[in-house]
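First comes the structure, then the notes that go with it.
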Amino acid sequence: MILLDIGMPDKNGFQVCRELKDDESTRDLLIIFLTAENDTTQIVKALDSGGVDYITKPFQPIELQARIRAALRTRRLIRLLHEHSRIDSLTGLHNRGAFDSALSAALSSHERNHQPFALLLLDLDHFKFVNDRYGHGVGDEVLRRVGKALASASRPYDFAARYGGEEFAVILNQVKPENAKQASLRILAQIRAIEVPLGESTLRITASAGMSCVPDSTAHLDPKTMLKIADKALYEAKNQGRDRLVDCIP
């Protein structure tokens, strides 16, 4: 948070605020304007330039503290709403929009730090049959349990998402291809271990998976290419009989 005076020697607070808002690294900072004038025009200008509140001088410290607390509460609510908008309500995983951003961020991080990572795409086998035979309620329960399995199998710095329908995606960060393969096989095993009660019987499911990876500092891929490679590998896993991984390792 910044407390910003409107009247300053070299440039006024409105100019400083606009510069902060135009910079991606500072645009989300909360700015409360301080002004010695109780002029409505100045106050409107302060809010229009990007300030979240204003306070006139001289002021009581207790009032300033209250306005700061109110601004921070608003920020927390906005962040909470933003996070909820990026979560899939059925599985509790990140949604497609959040995944797209995370994949772009992973590739940008790779270009800066040369950290290897992998992308895993998964598709539940014969999921349409589950919905058709047992109903969408059972299908939803399968998706919920897969979401929990992916969340528990992912490390804190991995990123699991519901890609769409019965498709899921996991970004395996800071991992070499051979280790990413082992992690992917463990994920498939956890899905294979899911049991959904159906009265006196139990429903077991499997998934097919395709993996693409960025192994070293010389590799350069964009999100579209990574997805295309992983999707092609997933298609091949389906063709080979399902319930398996096709990876990017030669």
Side-chain angles (χ1 to χ4, degrees), residues 83-103 105-106 117-213 226-227 230-231 233-238 240-249:
E83 286 301 315
H84 277 289
S85 72
R86 297 167 69 82
I87 296 295
D88 176 66
S89 60
L90 180 62
T91 64
L93 299 177
H94 296 283
N95 62 20
R96 174 65 185 273
F99 165 78
D100 289 340
S101 299
L103 181 57
F117 77 97
L119 167 63
L120 181 69
L121 287 185
L122 305 105
D123 187 89
L124 301 185
D125 297 327
H126 306 296
F127 187 72
K128 184 178 183 302
F129 171 81
V130 172
N131 277 332
D132 291 345
R133 180 168 181 176
Y134 303 107
H136 289 276
V138 172
D140 286 350
E141 181 60 22
V142 167
L143 294 174
R144 277 190 287 268
R145 294 190 181 219
V146 170
K148 289 181 180 179
L150 291 180
S152 66
S154 300
R155 300 164 301 172
Y157 41 89
D158 292 332
F159 192 94
R162 185 182 181 190
Y163 192 67
E166 67 271 24
E167 287 188 298
F168 296 84
V170 182
I171 299 172
L172 299 162
N173 287 305
Q174 302 175 32
V175 62
K176 293 182 179 180
E178 56 271 22
N179 294 329
K181 179 178 181 179
Q182 294 305 313
S184 299
L185 291 173
R186 286 195 297 270
I187 289 173
L188 289 180
Q190 285 202 238
I191 293 174
R192 204 177 291 121
I194 292 173
E195 297 182 352
V196 181
L198 294 174
E200 297 180 357
S201 62
T202 300
L203 175 64
R204 306 291 292 268
I205 59 169
T206 61
S208 302
M211 187 175 75
S212 61
C213 46
M226 279 207 80
L227 284 166
D231 192 56
L234 172 59
Y235 184 78
E236 182 61 27
K238 292 279 190 182
Q240 290 183 16
R242 296 181 165 83
D243 187 22
R244 68 193 64 221
L245 169 72
V246 171
D247 60 65
C248 58
I249 302 174

Let me have the donor-acceptor pairs involving side chains of residues 182-190, under 3.5 Å, with sequence neighbours excluded, atom names and distances please.
from, atom 1, to, atom 2, distance (Å)
S184, OG, A180, O, 2.8
Q190, NE2, S152, OG, 3.3

Test item: [X] and [Y] side chains (from C-beta on) under 4.5 Å apart, heavy atoms:
X    : Y    : result
F99  : L119 : yes
I191 : L122 : yes
L227 : Y163 : yes
L124 : F168 : yes

**Prompt:** With a 4.0 Å cut-off, would you call R144 and E141 a salt bridge?
**Reply:** yes
**Backbone N/O of D243 and side chain of S208: donor-acceptor pair under 3.5 Å** = yes
**Request:** Indicate the ring-plane relationship of H94 and F159, choosing parallel, tilted or perpendicular according to the 30° and 60° boundaries.
**Result:** parallel
In terms of heavy-atom contacts, does [atom1] of [X] have more than 12 from other residues, nucleotides or ligands at under 6.0 Å?
X    : atom1 : value
R204 : CZ    : yes
K148 : NZ    : no
Y235 : OH    : no

**Request:** For residues 90-100, pull every pair meeting salt bridge (Lys or Arg N to Asp or Glu O under 4.0 Å), keeping only residues two or more places apart or in separate chains.
**Result:** R96-D100
